Peer 1: 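My questions will all concern the structure given below.
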Amino acid sequence: MPELPEVETTRRGLLSAVKGQQIVAVTVRRHDLRQPIPKTFAKTLTGTSITNVRRRAKYLLIDLDSGHILLSHLGMSGSFTVRKKAGYRPKTHDHVIIELKNSKLMVFHDPRRFGVMDIMKKGEEATHLLLKNLGPEPLEKDFSPRYLAEQLTRRKGPIKPVLMDQKLVVGVGNIYASEALYLCGLHPSLPAHKLAPKAPEMVNAIRATLRAAIASGGSTLRDYVGASNEGGYFQHEFKVYGRDGEPCFACSTIIETCTHAGRSTYWCPQCQPIRAKAQKH
DNA sequence: ATATATCCCTGCGCGC
DNA sequence: TGCGCGCAGGGATATA
């Protein structure tokens, strides 16, 4: 997806555009997403007003004054945009259209249909099937060096896919896992348990990477656009992601790539050595 | 329990 | 220009 920075950018855009607005109509053009959109979806939303737009992990939570919450995930190719009703014609893959009283539309668009649209009730954040097993938010204080170090000790596999495990920490996907590891100078194939002593640097690197991406409005490679239908800019700041065969900006060494658990990984062999460098005396 | 593989779905870029 | 192939920001599930 959209990883945490893209979802957060979408959240902020939606919040400023739709907070306080009443939903006057809902059209579900396709219900067969990653899981079916509930049959009660349109009826439940219609007539309610949006009180807040929150984010948990890569999920958007849209609070309604009825006590219901619209739970949405953008999957790999989803976007949630706000636009004027006048002149709008649904495009292919515009699956859900939410019409607001101010004559604007919230449009959920998702070519690959890996996204989710669901309804839950206030207070179900801790028990909902899709939310209950999520790890800590990387930008909150419970994602601490101590916590990360403890988690890493039980993981024997390479660190990169471990960082993408949403049970360990949420929001880090395939792009930002590679970028964060570059930032703290750690090779993506290093066994996770050996990196427990590096947890403080890793926490800092993950946070810095995500914050910088949020500040740039996220990354746009193909499908992703924010709530105002504009792409992000952070893709221009990638240090390693998608740069295999190109020189490292820091040392000119050629960036390498490999696969971890079916996902592409990128790193600089010089800045992220597989073996610890000998300490100078 | 943890770690890979597979699948869900559509679109795009590339090599031929 | 057309076609087949591999790959793509996620994640649930099935196997070892």
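Order of the sequence lines sets the chain letters (A, B, ...), proteins ahead of strands, with each chain counted from 1. As the structure is a computational prediction, the values presented were derived from the model and not from experiment.
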Peer 1: For the side chain of A:Arg112, starting at C-beta, report the closest nucleotide among B:dT4, C:dG11, B:dT10.
Peer 2: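 Per side-chain heavy atoms of A:Arg112, the pick is B:dT10.
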Peer 1: Between A:His93 and B:dT10, is there a contact of a side-chain N or O with OP1 or OP2 at under 4.0 Å?
Peer 2: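 No, A:His93 has no side-chain N/O under 4.0 Å of OP1/OP2 on B:dT10.
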Peer 1: Between A:Arg113 and A:Asp32, is the salt bridge (Lys or Arg N to Asp or Glu O under 4.0 Å) condition met? List the steps.
Peer 2: CA-CA 8 Å; A:Arg113 283 188 281 126; A:Asp32 51 338; 3.1 Å; yes
Peer 1: Can you tell me how far P of C:dG9 sits from OH of A:Tyr241, to the nearest Å?
Peer 2: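 To the nearest whole Å, that distance equals 3 Å.
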Peer 1: Rounded to the nearest Å, what distance is computed from the NZ atom of residue A:Lys160 to the P atom of nucleotide C:dG9?
Peer 2: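 Roughly 8 Å, once rounded to whole Å.
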Peer 1: Rounded off to whole Å, could you give me the CZ-to-P distance for the A:Arg154 and B:dA3 pair?
Peer 2: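 After rounding, the reported distance stands at 11 Å.
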Peer 1: Check salt bridge (Lys or Arg N to Asp or Glu O under 4.0 Å) between A:Arg207 and all other residues, then give those that pass, not counting sequence neighbours.
Peer 2: none
Peer 1: Is A:Pro5 touching bases, backbone alone, or none of the nucleic acid, heavy atoms closer than 4.0 Å?
Peer 2: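 Since no nucleic acid heavy atom lies under 4.0 Å of A:Pro5, the category is nothing.
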Peer 1: Of the options C:dG9, C:dA12, B:dG11, whose atoms approach the side-chain atoms of A:Tyr224 most closely?
Peer 2: C:dG9
Peer 1: Can you check the A:Leu33 CG to C:dG11 P distance for me, whole Å?
Peer 2: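 Atom-to-atom, A:Leu33 to C:dG11, this comes out as 15 Å.
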Peer 1: Are OP1 or OP2 of C:dA12 and a side-chain N or O of A:Arg34 less than 4.0 angstrom apart?
Peer 2: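 For C:dA12, OP1 or OP2 has a side-chain N or O of A:Arg34 closer than 4.0 Å.
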Peer 1: Is any side-chain N or O of A:Arg263 closer than 4.0 Å to OP1 or OP2 of C:dG9?
Peer 2: yes
Peer 1: Tell me what A:Asp223 touches on the nucleic acid: a base, only sugar-phosphate, or nothing, going by heavy atoms under 4.0 Å.
Peer 2: base
Peer 1: With sugar-phosphate meaning primed atoms plus P, OP1 and OP2, does A:Gly157 contact a base, only sugar-phosphate, or nothing at under 4.0 Å between heavy atoms?
Peer 2: sugar-phosphate
Peer 1: Any sub-3.5 Å donor-acceptor pair from A:Arg243's side-chain atoms to A:Lys239's backbone N or O?
Peer 2: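 Looks like yes, one N/O pair under 3.5 Å.
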Peer 1: Determine: side-chain N/O of A:Arg155 to OP1/OP2 of B:dA3, distance under 4.0 Å, yes or no.
Peer 2: yes
Peer 1: Mind checking A:Leu221 for me? I need base, sugar-phosphate or nothing, with any heavy atom below 4.0 Å counting as a touch.
Peer 2: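 Base, at least one base atom sits under 4.0 Å.
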Peer 1: Does atom OH of A:Tyr233 have more than 12 heavy-atom neighbours, drawn from other residues, nucleotides or ligands, at distances under 6.0 Å?
Peer 2: no
Peer 1: Without decimals, in angstroms, what is the distance between A:Asp32 CG and B:dC8 P?
Peer 2: 14 Å
Peer 1: If we require ring centres under 5.5 Å and near-parallel planes under 30°, does A:Phe114 stack on B:dC9?
Peer 2: no
Peer 1: Cut-off 3.5 Å, side chains only: do A:Ser77 and A:Asp110 have a donor facing an acceptor?
Peer 2: yes
Peer 1: Can you tell me, in whole Å, how much space there is between the P of B:dC9 and that of C:dC3?
Peer 2: 24 Å
Peer 1: Hey, which of these two, A:Lys167 or A:Gly262, hits DNA chain B nearer its 5' end, going by closest nucleotide?
Peer 2: A:Lys167
Peer 1: Specify whether A:Tyr241 and A:Tyr266 have parallel, tilted or perpendicular ring planes, treating 30° as the upper limit for parallel and 60° as the lower limit for perpendicular.
Peer 2: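 Ring orientation, 0 to 90° scale: perpendicular.
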Peer 1: Expressed in angstrom and rounded to an integer, what is the separation of A:Asp244 atom CG from B:dC14 atom P?
Peer 2: 13 Å
Peer 1: Please determine if a side-chain N or O atom of A:Lys58 lies less than 4.0 Å away from the OP1 or OP2 oxygen of C:dG11.
Peer 2: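 Indeed, a polar side-chain atom of A:Lys58 lies that close.
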Peer 1: State whether the side chain of A:Ser16 and the backbone N or O of A:Gly13 hold a donor-acceptor pair below 3.5 Å, judged by distance alone.
Peer 2: yes
Peer 1: Would you say A:Arg113 reaches B:dT10's phosphate, i.e. side-chain N/O to OP1/OP2 under 4.0 Å?
Peer 2: yes
Peer 1: Quick one: A:Ile159 CD1 to B:dT2 C1', roughly how many Å, whole number?
Peer 2: 14 Å
Peer 1: Can you tell me how far P of B:dT2 sits from CD of A:Gln151, to the nearest Å?
Peer 2: 8 Å
Peer 1: Is a side-chain donor or acceptor of A:Glu246 paired with a backbone partner of A:Ile255 at a separation under 3.5 angstrom?
Peer 2: no
Peer 1: Would you indicate, yes or no, if C:dA8 has its OP1 or OP2 atom less than 4.0 angstrom from a side-chain nitrogen or oxygen of A:Ser264?
Peer 2: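 Result: yes.
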Peer 1: Quick one: stems for DNA chain B, with Watson-Crick or G-U pairs under 3.5 Å, at least three in a row?
Peer 2: B:2-8 with C:10-16, B:10-16 with C:2-8
Peer 1: Side chains of A:Thr44 and A:His68: do they bring a donor and an acceptor to under 3.5 Å?
Peer 2: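 Short answer, no.
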